[in-house]
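Per chain, numbering begins at 1; letters A, B, ... match sequence-line order.
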2 protein chains.
Amino acid sequence: MPTKKETYHHGDLRNALLAAAESVLAETGPEAFSLRAVARRVGVSHSAPAHHFGDTAGLLDALATEGFRRFLAAMEAEQAVAGDDPKERLIGSGMGYVRFAESAPALLQLMFGPGRKPDEASPELQQAAGASFAHLVDACRALPGAESRPEAELWADVYARWSLVHGLANLLMSGRLKTAPEGTGLDREAFVHSIVRRIAT
Amino acid sequence: MPTKKETYHHGDLRNALLAAAESVLAETGPEAFSLRAVARRVGVSHSAPAHHFGDTAGLLDALATEGFRRFLAAMEAEQAVAGDDPKERLIGSGMGYVRFAESAPALLQLMFGPGRKPDEASPELQQAAGASFAHLVDACRALPGAESRPEAELWADVYARWSLVHGLANLLMSGRLKTAPEGTGLDREAFVHSIVRRIAT
DNA sequence: CCATCCATATTGACACTGTCAAGATCAAGG
DNA sequence: CCTTGATCTTGACAGTGTCAATATGGATGG
């Protein structure tokens, strides 16, 4: 298998740059992110990325788009193993959300952080982000009794659940919940789960 | 009143730099933040900030510290006008939280965003952030029946409420809830309030 | 009053960054 | 074979953070 095509028009620079960018972002943090460092890591000239992504924002937009796709996949995967009960499925999505945040914090920061506002984003990014949102809405509408609830409450439900999981993910990422509080007798995973559970009440 | 002391050892450079930094952050966004631009705005040399803050991280740490103090003040103010009912007081704090987020989004991003991890932060920052957290815990423990709840549930309550409000604030800041969803018949403020209310259930 | 000292601010330099224009290199098709 | 267009490199430019060396001026002590 030709793992690395030395065609010297590299062959797959775009994806290589995306992968390298994610590594750099995860290792050095968003503050120290450098386009030239990404190019260096791939072994290509400092200005090669421009041809594929235009500028820094272009690269990060593309990376965020890929992030949203994997994000959705993570939620769907956890939902799938959760079985048939709509409540358990919603909780599964929530745990997928949180687990994604822990496995790729820099990526999620990029996706939801400042810059990259939902409007004024590329169509692909909007589409990928919209699909994630639709996933949440579907999971909420599948709950028993959702049909009979007034529209205003239903939307408040959606955003309250999103807020809770999103906020928890952010607190975890920013290191504000490195361990379950003393006195709970729980490990971190169980404590997190006991919080996420509340979106299904 | 000597609004501007032209003492030419400027007199109050530290605070002037903090104020300018906040403006730059709010106007140009965190990505484009530049230490030299801050110095320029105050009208001092590019390297003057170093003497007061060491480096960029030092300035931002100091700004985040000030942010946490104002953040706590905002919550306390809203709590004060909420009256005596512990539930209403908790909701007031929550609304103070999101209002602060809307009035100074860049600042809150700075306070909770990546970089500036709670450990490895300056003692003053830790103290200011800790005071905000204590405020939340107090508001939760003041709720009726809190005493009799098991410790694990009480902590889960605390973090679930924090998560919800924190997540909602972040969604608002990142432009993901610019207006109440259609069909709710609510304006944005009322919709936000209907979500924040849920922390007192 | 004057000299000294030290926090405060400036200047200049260095390596690094993002972006742009111009050139080189390669793959494929007429 | 040779032209064409996409891909990548080279070189330049302005701007950045940080450091060392220098200037400045307000306070303190004689």
Side-chain angles (χ1 to χ4, degrees), chain A residues 2 4-64 106 110 113-116 120 122, chain B residues 2 4-64 106 110 113-116 120 122:
Chain A
K4 217 169 188 178
K5 313 173 65 175
E6 283 297 347
T7 67
Y8 228 102
H9 263 78
H10 190 291
D12 195 20
L13 222 200
R14 205 191 127 93
N15 287 334
L17 286 171
L18 283 174
E22 185 177 355
S23 300
V24 171
L25 215 50
E27 290 167 19
T28 75
E31 331 273 12
F33 178 84
S34 147
L35 206 51
R36 282 166 114 109
V38 173
R40 234 176 282 132
R41 178 169 301 219
V42 178
V44 43
S45 84
H46 66 259
S47 167
H51 196 271
H52 289 275
F53 301 103
D55 57 358
T56 305
L59 201 175
L60 294 179
D61 271 31
L63 189 54
L110 179 68
R116 259 152 304 291
E120 80 192 52
S122 77
Chain B
K4 215 168 189 178
K5 314 173 63 171
E6 282 298 345
T7 67
Y8 227 103
H9 262 72
H10 191 292
D12 194 21
L13 223 201
R14 205 191 126 95
N15 287 335
L17 287 172
L18 283 174
E22 185 177 357
S23 302
V24 170
L25 215 49
E27 290 167 19
T28 75
E31 330 275 11
F33 178 84
S34 146
L35 207 50
R36 283 166 113 108
V38 173
R40 234 176 282 133
R41 178 169 300 220
V42 178
V44 302
S45 80
H46 64 259
S47 166
H51 197 272
H52 290 274
F53 301 103
D55 57 0
T56 305
L59 201 175
L60 293 179
D61 272 31
L63 188 54
L110 181 68
R116 260 151 305 290
E120 79 192 55
S122 76

To the nearest Å, give me how far apart [atom1] ([X]) and [atom2] ([N]) are.
X: B:N15; N: C:dT8; atom1: CG; atom2: P; result: 13 Å
X: B:E31; N: C:dT19; atom1: CD; atom2: P; result: 12 Å
X: B:H52; N: C:dA7; atom1: NE2; atom2: C1'; result: 9 Å
X: A:H51; N: D:dT9; atom1: NE2; atom2: P; result: 12 Å
X: A:D12; N: C:dA27; atom1: CG; atom2: P; result: 16 Å
X: B:L35; N: D:dG15; atom1: CG; atom2: P; result: 16 Å
X: B:F53; N: D:dC19; atom1: CZ; atom2: P; result: 16 Å
X: A:L17; N: D:dT9; atom1: CG; atom2: P; result: 10 Å

For C:dG18 and A:S34 - does any side-chain N or O of the residue sit under 4.0 Å from the phosphate oxygens OP1/OP2?
yes
Within less than 4.0 Å of OP1 or OP2 of C:dT11, is there a side-chain N or O belonging to B:S45?
no
Taking D:dT10, C:dT17, C:dT10 as options, the one with an atom nearest any side-chain atom of B:V44 is C:dT10
To the side chain of A:R40, which of C:dT17, C:dG18, D:dT16 is closest?
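Nearest to the side chain of A:R40 among the choices is C:dT17.
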Is there any salt bridge (charged side-chain N to carboxylate O under 4.0 Å, His left out) pair reaching into residues 44-62 of chain A, and which pairs are they, with sequence neighbours excluded?
A:D61-A:R116
Is there a donor and acceptor pair closer than 3.5 Å between the side chain of B:H46 and the base of D:dG15?
no
Can you give me the closest heavy-atom contact between [X] and [Y], atom names plus distance?
X: B:L13; Y: B:A48; result: CD1-CB, 4.1 Å
X: B:P49; Y: B:L17; result: CA-CD1, 3.8 Å
X: A:L60; Y: A:L110; result: O-CD2, 3.6 Å
X: A:V42; Y: A:A16; result: CG2-O, 3.8 Å

Is B:A50 touching bases, backbone alone, or none of the nucleic acid, heavy atoms closer than 4.0 Å?
nothing
Here's a test of your reading of the structure: between A:R36 and B:S47, which maps to the more 5' nucleotide of DNA chain C?
B:S47
